[in-house]
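Input: a single structure, listed below in structure tokens.
Treat the numbers as computed from the prediction; the structure is a model and nothing was measured. Every chain is numbered from 1, with letters handed out A, B, ... down the list of sequences. Only heavy atoms go into these numbers, but all of them, side chains included; no hydrogens, no water, no symmetry mates.
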Protein chains: 2
Amino acid sequence: MGHSQAEKAETHQRIVDVAARRFRELGIEGISVADIMKEAGLTVGGFYKHFTSRDDLVVEALMASFAEIEESDLTQQPTLKKTIQTYLSEKHRDEVHSGCALSSLVNDVSRSTDDAREVFTQRLERSLSHIENQIPPEIDGNHRAKAILAYSACVGAMSLSRAVSDPKLSRQILNTVSAELISLFSAKPSQGSLA
Amino acid sequence: MGHSQAEKAETHQRIVDVAARRFRELGIEGISVADIMKEAGLTVGGFYKHFTSRDDLVVEALMASFAEIEESDLTQQPTLKKTIQTYLSEKHRDEVHSGCALSSLVNDVSRSTDDAREVFTQRLERSLSHIENQIPPEIDGNHRAKAILAYSACVGAMSLSRAVSDPKLSRQILNTVSAELISLFSAKPSQGSLA
DNA sequence: ATTATCTATAGATCTATAGATAATGC
DNA sequence: ATTATCTATAGATCTATAGATAATGC
């Protein structure tokens with residue numbers, strides 16, 4: 001008991017990391033403060049010396065999830081094709097606890113606090129920019145618009161593939177959306193739609 | 001008290017309807033059995049003469065949400081263009097309680113029971129068929145694949161537009177994905193991607 | 001002296017059940 | 001007699017706080 005300030009910072013980070021993992025897996029309301037503390041090797045009493053409220057932890061855990069993504073495979077791919085394939089992989093689908101929180105918590109966040117929704121929004125803007133920057137320059141049309149389409153499709157496909165009970169359909173959603181998006185971004189310049 | 005069997009059926013339907021509405025709005029775990037019963041004009045004690053468990057109500061409420069969609073504007077549009085525009089409308093975004101549960105509860109269902117996930121899966125297959133059947137015959141490529149892409153984009157865009165705190169971005173997501181999908185389904189036959 | 005964490009608990013809430021009450025329906 | 005609903009409550013759980021304990025750090 002009564003550890004140093006340095007240790008407190010480590011403890012704080014450990015609590016946030018457990019929450020970031022478990023919220024993605026079980027939903028924002030899917031685990032209690034007491035269980036999070038237990039999993040971090042602590043007891044519930046100390047919680048409110050680290051956070052003013054449970055909602056405060058929710059915001060920090062969201063930020064931690066997003067910071068983690070920034071350094072993960074999901075953001076480190078060299079081409080748009082590989083970014084899409086990595087996002088829409090079975091590995092990403094099955095490892096919810098370390099995956100993109102924009103997919104796993106989008107419904108939860110829409111019912112959460114304004115603070116949580118703001119953190120979410122900032123991260124979404126970054127992800128959209130990242131996709132937009134990876135679109136090959138020879139692709140015509142509005143790249144921002146295509147990034148929004150592609151990212152919406154990725155979030156929808158990943159969410160649906162996790163909800164579905166049929167493993168074959170789950171795989172089909174991932175592989176089909178992946179292939180369709182990739183073909184969209186390697187389309188011939190003659191594709192223009194004037195209508 | 002002690003009403004007729006006919007009245008019991010009506011009462012049952014009323015409970016399910018309240019749950020179907022509130023679950024979409026607040027999440028599957030976002031409202032208690034007691035509050036659902038109160039909103040249906042009843043008290044909590046009678047609940048378990050109608051349902052064997054809370055999970056049982058969840059499945060019935062999901063089925064009711066889906067049955068409602070089958071008869072709503074969302075499914076009654078004459079063309080694919082109108083279907084997409086209706087799905088990705090601000091009205092649909094704002095009226096979560098009567099909207100498509102595939103969008104509003106996709107994260108919740110992925111953490112729910114096998115029964116809930118099966119009902120969800122069946123509904124998803126129907127929605128995919130509906131989109132597929134509305135794709136104009138002159139569009140080349142695999143129509144099932146294009147339906148999966150379009151529906152994933154719709155679910156992703158609707159979910160994201162509800163989670164985001166910036167109203168401008170929220171509208172942009174809906175309008176952009178709508179326009180991009182519609183242009184995709186009115187593309188010239190010369191669009192083929194050989195790569 | 002201050003503080004990081006612990007034990008213990010208040011007070012609210014949630015699912016589910018027991019038993020009473022007042023209708024229905026043979 | 002059966003049953004649809006009600007009141008009341010058991011038992012589990014959840015957020016948040018109070019006060020004790022054992023370190024840190026001036």
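When side chains are defined from C-beta on, B:Asn142 does not count as touching B:Lys146, because their heavy atoms never get closer than 4.5 Å.
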A correct dot-bracket answer for DNA chain D, with pairs being Watson-Crick or G-U at under 3.5 Å, [ ] for crossing pairs and | for inter-strand pairs, is ||||||||||||||||||||||||..
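Between the side chains of B:Gln85 and B:Ser178, not a single donor N or O lies within less than 3.5 Å of an accepting N or O.
For the atom pair A:Gln134 CD and A:His130 NE2, the distance stands at 4.0 Å (nearest 0.5 Å). Atom CD1 of residue B:Ile36 and atom CZ of residue B:Arg22 lie 9.5 Å apart, to the nearest 0.5 angstrom.
Counting to the nearest Å, the P atom of D:dT15 and the CG atom of A:Leu57 are 10 Å from each other. Between A:Asp56 atom CG and D:dT15 atom C1' there is a gap of 14 Å when expressed in whole angstrom units. Atom NZ in B:Lys8 sits roughly 15 Å away from atom C1' in D:dC6 (whole-Å rounding). Taking atom CD of residue B:Gln5 and atom P of nucleotide D:dA4, one finds them 6 Å apart after rounding to whole Å.
Using a cut-off of 4.0 Å between Lys/Arg side-chain N and Asp/Glu carboxylate O, B:Glu68 and B:Arg123 are scored as not salt-bridged.
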Steps toward side-chain hydrogen bond (donor to acceptor under 3.5 Å, both in side chains) verdict (A:Gln77, A:Asp73) = CA-CA 6 Å; A:Gln77 299 302 321; A:Asp73 287 354; 4.9 Å; no
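Counting non-hydrogen atoms of other residues, nucleotides and ligands closer than 6.0 Å to CD of B:Glu70 gives a total above 12.
Within residues 45-55 of chain B, the residues that place at least one heavy atom under 4.0 Å from DNA chain D are, in residue-number order, B:Gly45, B:Gly46, B:Lys49, B:His50. For the segment residues 25-43 of chain A, residues with any heavy atom less than 4.0 angstrom from an atom of DNA chain D are, sorted by number, A:Ser32, A:Val33.
Residue pairs meeting the salt bridge (Lys or Arg N to Asp or Glu O under 4.0 Å) criterion with at least one partner in residues 47-57 of chain A, sequence neighbours excluded, are A:Glu29-A:Arg54.
At D:dT5, one or more side-chain N or O atoms of B:Thr11 fall inside 4.0 Å of OP1 or OP2 (strictly under the cut-off).
Checked against side chain to side chain donor-acceptor pair (under 3.5 Å), B:Arg171 has no partners two or more places apart in sequence or in another chain.
Note on ring orientation: taking the six-membered ring where Trp is involved, the planes of B:Phe120 and B:Phe66 are perpendicular (angle over 60°, cut-offs 30° and 60°).
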Cut-off 3.5 Å, no hydrogens considered: what does the side-chain donor-acceptor table look like for residues 149-164 of chain B, sequence neighbours left out?
unit_1, atom_1, unit_2, atom_2, d
B:Ser152, OG, B:Ile148, O, 2.9
B:Ser159, OG, B:Ser103, O, 3.3
B:Ser159, OG, B:Val155, O, 2.9
B:Ser161, OG, B:Ala157, O, 3.4
B:Ser161, OG, B:Met158, O, 2.9
B:Arg162, NE, B:Arg93, O, 3.0
B:Arg162, NH2, B:His92, O, 2.8

